[in-house]
Amino acid sequence: MSYFCKDGIMYDENNKEVEIEEYGDEEYKKFRDEFESKSYLRLCIDKPLNTSISSEKNIVIYDDRSNCYEYSDLPESERCKYINYLHIKAKNHEVITLKQVLTEIMNCDFYSVNNKEKSDYFNHVFLENIVRKPDTIQYELWLGS
């Protein structure tokens with residue numbers, strides 16, 4: 001079945017209005033609201049907050065948006081401002097969870113709603129996934145527009 005959106009309302013192929021069900025329990029929705037109030041990113045990861053991201057002691061979230069179309073006309077010296085490394089340490093020898101990673105992101109100045117230099121004109125604000133680069137402790141953010 002195909003769907004389309006008109007004036008912010010979703011319809012199916014028979015022009016019947018379709019109600020979109022939000023992902024997550026109350027804890028997830030409350031966390032998502034807090035995340036989106038502090039960060040210019042929109043949380044679109046449909047996984048439980050206790051999902052294990054890594055059992056490593058340390059990981060690095062690597063965010064390289066310097067090649068996104070929003071910055072393609074900038075000189076290299078300016079584009080490098082749109083690369084971020086966020087170091088995350090496991091707490092009490094436990095696994096690093098999705099909630100811990102998202103909490104670190106929302107508390108990082110690079111992703112702050114107040115960081116207009118990084119958020120103005122940036123359309124890739126939908127955080128869709130966090131993916132490990134093979135054989136490293138480096139993880140990349142998948143951002144959609």
Side-chain angles (χ1 to χ4, degrees), residues 1-5 8-13 17-145:
M1 181 169 287
S2 62
Y3 300 94
F4 66 95
C5 186
I9 299 172
M10 188 69 75
Y11 296 92
D12 67 15
E13 59 195 16
E17 190 173 328
V18 177
E19 186 174 324
I20 306 281
E21 188 173 321
E22 288 185 0
Y23 173 80
D25 58 14
E26 287 306 311
E27 177 192 7
Y28 180 91
K29 290 174 184 176
K30 182 179 177 184
F31 182 85
R32 182 200 60 216
D33 292 345
E34 179 184 8
F35 181 88
E36 293 181 0
S37 72
K38 293 181 177 181
S39 170
Y40 56 80
L41 298 177
R42 298 295 149 248
L43 184 53
C44 299
I45 299 176
D46 293 345
K47 295 179 184 174
L49 294 173
N50 64 354
T51 299
S52 175
I53 297 295
S54 178
S55 59
E56 300 284 338
K57 294 178 184 178
N58 299 285
I59 65 171
V60 175
I61 303 297
Y62 174 64
D63 180 359
D64 181 0
R65 58 183 72 166
S66 64
N67 292 320
C68 290
Y69 66 82
E70 293 95 328
Y71 311 121
S72 60
D73 291 335
L74 294 175
E76 184 69 31
S77 61
E78 288 294 311
R79 287 198 332 247
C80 68
K81 294 178 184 177
Y82 300 95
I83 299 173
N84 190 53
Y85 295 91
L86 180 60
H87 299 265
I88 299 176
K89 295 180 181 184
K91 296 179 180 178
N92 302 321
H93 305 289
E94 295 180 11
V95 298
I96 296 172
T97 64
L98 177 61
K99 184 175 184 178
Q100 182 183 356
V101 171
L102 294 173
T103 300
E104 297 276 350
I105 289 171
M106 81 174 161
N107 292 327
C108 177
D109 289 339
F110 188 84
Y111 303 101
S112 171
V113 292
N114 299 318
N115 189 346
K116 298 302 181 190
E117 179 184 10
K118 301 298 185 276
S119 63
D120 281 354
Y121 311 111
F122 186 62
N123 296 322
H124 292 81
V125 296
F126 298 101
L127 178 54
E128 298 173 352
N129 208 350
I130 301 168
V131 179
R132 182 179 185 177
K133 291 181 78 172
D135 303 320
T136 70
I137 61 166
Q138 189 168 300
Y139 289 72
E140 293 181 310
L141 300 182
W142 284 13
L143 299 173
S145 57

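This one's a predicted model, so the numbers in the text were calculated from it and none came from an experiment.
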Does a side-chain heavy-atom distance below 4.5 Å link [X] with [Y]?
X	Y	value
Y139	V101	no
R79	N67	yes
Y71	Y121	no
I83	Y62	yes
L127	L143	yes
M106	Y111	no

Please, which pairs that meet side-chain hydrogen bond (donor to acceptor under 3.5 Å, both in side chains) have at least one residue in residues 34-43, sequence neighbours excluded?
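Only E34-K38, Y40-R65 qualify under side-chain hydrogen bond (donor to acceptor under 3.5 Å, both in side chains).
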
What do the steps show when you test F31 against L102 for side chain to side chain contact (heavy atoms under 4.5 Å, CB included), and what is the final call?
CA-CA 9 Å; F31 182 85; L102 294 173; 3.6 Å; yes

Once rounded to the nearest 0.5 Å, what's the spacing between atom [atom1] of [X] and atom [atom2] of [Y]?
X	Y	atom1	atom2	value
D63	L41	CG	CG	7.5 Å
Y28	L43	OH	CG	3.5 Å
L86	E104	CG	CD	6.0 Å
I59	I88	CD1	CD1	4.5 Å
R32	I45	CZ	CD1	13.0 Å

Counting N and O atoms only, with roles assigned by atom type, does the side chain of S112 sit under 3.5 Å from a partner on the main chain of D109, one being a donor and the other an acceptor?
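The answer is no, because no donor-acceptor pair under 3.5 Å joins these two groups.
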
Examine distances only and state if a side-chain atom of Q100 and a backbone atom of K89 form a donor-acceptor pair shorter than 3.5 Å.
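Looks like yes, one N/O pair under 3.5 Å.
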
Identify the heavy atoms of [X] and [Y] that sit nearest to each other, and give their distance.
X	Y	value
K47	T51	CB-OG1, 3.7 Å
N123	E70	N-OE2, 2.6 Å
V113	K116	O-NZ, 3.4 Å
L98	P48	CD2-O, 3.6 Å
F126	C44	CD2-SG, 3.6 Å

Listed by chain and number, what are the side chain to side chain contact (heavy atoms under 4.5 Å, CB included) partners of H87, not counting sequence neighbours?
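Checked H87 against side chain to side chain contact (heavy atoms under 4.5 Å, CB included); matches are V60, Y85.
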
Are E27 and K30 close enough for a salt bridge, meaning some N to O gap below 4.0 Å?
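Answer for the salt bridge query: no.
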
Over 12 non-hydrogen atoms of neighbours within 6.0 angstrom of NZ in K57
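Not buried by this count: 12 neighbours or fewer within 6.0 Å.
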
Could you walk me through whether I130 and L141 pass the side chain to side chain contact (heavy atoms under 4.5 Å, CB included) check?
CA-CA 5 Å; I130 301 168; L141 300 182; 3.8 Å; yes

If the condition is side-chain hydrogen bond (donor to acceptor under 3.5 Å, both in side chains), which residues does Y23 pass it with, not counting sequence neighbours?
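So Y23 forms no side-chain hydrogen bond (donor to acceptor under 3.5 Å, both in side chains) with any residue.
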
Could you walk me through whether E117 and F122 pass side chain to side chain contact (heavy atoms under 4.5 Å, CB included), step by step?
CA-CA 9 Å; E117 179 184 10; F122 186 62; over 6 Å; no

The test is side chain to side chain contact (heavy atoms under 4.5 Å, CB included); show your working for C108 and N84 and say whether it passes.
CA-CA 10 Å; C108 177; N84 190 53; 4.1 Å; yes

